Amino acid sequence: MSLSLDEVRRIAALARLELSPEEEAVLPGQLSAILDYVRQLEELDVSGVEPMTHALASGDAAPLREDEVRPSLGPAEALAAAPAREGTWFKVPRIIE
Amino acid sequence: MSGGGLLQLSLLELSERLRAREVSSREATLAALGRIEATDGKVGAFLAVTADARAARGERLGPLDGVPLAVKDIFLTKGVPTTAGSRILEGYRPPYDAAVIERLRGAGAVLLGKLNMDEFAMGSSNENSAYGPCRNPWDLARTPGGSSGGSAAAVAARQCFGALGTDTGGSIREPAAFCGVVGIKPTYGRVSRYGVIAFASSLDQVGPLARTVADAAALLQVIAGRDERDMTSSARPVDDYRATLEAGAKGLRIGVPREWLEGLEPGVAARVREALATYERLGASLVDVSLPHTKYGIAAYYLIAPAEASSNLARYDGVRYGLRTAGAKGLRGMYAATRRQGFGPEPKRRIMIGTYALSAGYYDAYYLRAQKVRTLLRRDFDRAFERCDVVAGPVTPTVAFRLGEKVDDPLQMYLADVYTVTCNLAALPGLALPCGLHAREGVPVGLQLLGRPFDEATLFRAARALEREQGPLPPPRGLPA
């Protein structure tokens, strides 16, 4: 199967990725080759097989802790690496035009 | 400048020479430590000199006390730049330490630095690092493997005495095999992932790389165990790995998956078969087992890992940390422009594949099917472990390949993971250790040992038995001794 450029652009938009012209030239072919390869899973009969949704067997998981307040990062530490901030907020470009 | 002369400088005089690079911080620190040792018996000024004084009093914190180590740049280190090999995190200084970093510091280890890696741990050659490739100390024209390429290379090159890496589909075991060192991916849940930059959360696991099996066991002993900040960290007690390390191979049942030796490159196959013969000679029995779904491992992995990655990497949006690209229009424009500039080609490919596999109309056909195949892979192993204690085979289909050999063909690069991904998908522990040099290529070949969940102790025991019999590899010949 092959992914069209339009489909690649649609996926990029969903993923909030902007693609360069070079990427638009190579990605449809590369992604199609990968999808062709993973499609060999279709050979397998998986009817009646439960999906493995947890990597840890239930007996190995730890019990949940009490839901209580614990110390965590303060605003200054949490904001320290932000590209832009104002007061105790992360600052982002205008959302509503 | 002699150590004695250095010590006569004032603080600001020293600072000036450090700035001018006439003196290194290391020289200054060693000079001061030497002076303390020579004089403090008379002066008594110091109550504690980290590591050394404890050692002198016989009060060492444990085997890592004072030992120089280094860690993959995927672990958060408070105040120390942490990039995960990506431009999108260039200059990022985390506000806290990862759980494993706390453990190492608490054990007295000296952390020398952060190690090169494929961007966001996505790769099998370290060539996807945004900060330039890392090279194999055995042959500088070859890759060290990936994604923990810097960890394996630094240990092989004797730049540090041990290192930590992470393994999502082989990222500890493959580079360990390529560089001739020991590496273990513990059972999912054995080591805390708190403060580890996430790639594929149902597969990621932290583990050590070291020059000997006993070293790797000592490192895992320190980092393993329950951490309540990681929901998936298991409460199971951690075995005492040293207690069974020297128990030998006698009586072990070693499963040899028939699917793993078919079509294997002959030079790699030769060393793996020799290792299996050695086990037999040491009193282990070889058991023929079948892992019939092995050939579907890569396909399942390259759906599940990108799907989880596309979700985990959504957080790099130019808002809370890392890069923000200026000049784009509006919030959405800023997100897309930042991600275009900050991510390299491999994370972009995986985000695209993962987004596609999770998108409306495709979820059942791709992601859900892959999770069902994951169940089939786990059943393969459950059946095999009814008849054996350890599964043994190759780590990689070939020895270390050359830089540039596979960079233009992502699918070829993925196929290098054929023997390693099933261990992560089935959530088992897996260890790689050297089993000699390739006869024609002259670089290391690795043997992989897989165990039952949480049975790392048996992997160490089996690995140590082979290591003792075959002796150490010579030092890597790509570097001066």
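All figures in this text were calculated on a predicted structure; none of them were measured in a lab. Convention: sequence-line order gives letters A, B, ...; per-chain numbering from 1.
- Between B:S202 and A:A55, the shortest heavy-atom contact is O-CB, 3.4 Å.
- Counting heavy-atom pairs closer than 4.5 Å to chain B, the top residue among A:E77, A:R10, A:E50, A:R65 is A:E50.
- Per-residue heavy-atom pair counts under 4.5 Å with chain B were compared for A:V8, A:L44, A:L31, and the maximum is reached by A:L44.
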| Evaluation steps, side chain to side chain contact (heavy atoms under 4.5 Å, CB included), between A:V92 and B:R324 | CA-CA 10 Å; A:V92 297; B:R324 171 182 292 188; 4.1 Å; yes
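- Considering only residues two or more places apart in sequence or on other chains, B:R315 meets the side-chain hydrogen bond (donor to acceptor under 3.5 Å, both in side chains) condition with B:N312.
- Between B:L411 atom CG and A:D36 atom CG the span is 9.5 Å, to the nearest 0.5 Å.
- Atom-to-atom distance recorded for B:T325:OG1 and A:E18:CD is 8.5 Å, nearest 0.5 angstrom.
- Heavy-atom proximity under 4.5 angstrom to chain B picks out A:A84, A:F90, A:K91 from residues 84-91 of chain A.
- Of the two parts of B:Y92, only the side chain, counted from C-beta on, holds a non-hydrogen atom closer than 4.5 Å to a non-hydrogen atom of chain A.
- Distance check: B:D317 CG to A:R16 CZ gives 10.5 Å after rounding to the nearest 0.5 Å.
- Options A:V46, A:V49, A:L41 differ in how many heavy-atom pairs under 4.5 Å they form with chain B, and the most are formed by A:L41.
- Between B:K295 and A:E43 a salt bridge is recorded (basic side-chain N to carboxylate O distance below 4.0 Å).
- With a 4.5 angstrom heavy-atom cutoff, A:L27 touches chain B only via side-chain atoms.
- Residue B:S359 touches chain A through its side chain alone, counting heavy-atom pairs closer than 4.5 Å.
- Both the backbone and the side chain of B:I298 come within contact range of chain A, with heavy atoms under 4.5 Å apart.
- If you measure heavy-atom distances from B:T187 to chain A, you find no contacts under 4.5 Å at all.
- Residue B:R340 comes nearest to A:S20 through the heavy atom pair NH2-CB, 3.4 Å, listed as atom of the first residue, atom of the second, then distance.
- With rounding to the nearest 0.5 Å, the separation of CZ in B:R379 from CE in A:M52 is 11.5 Å.
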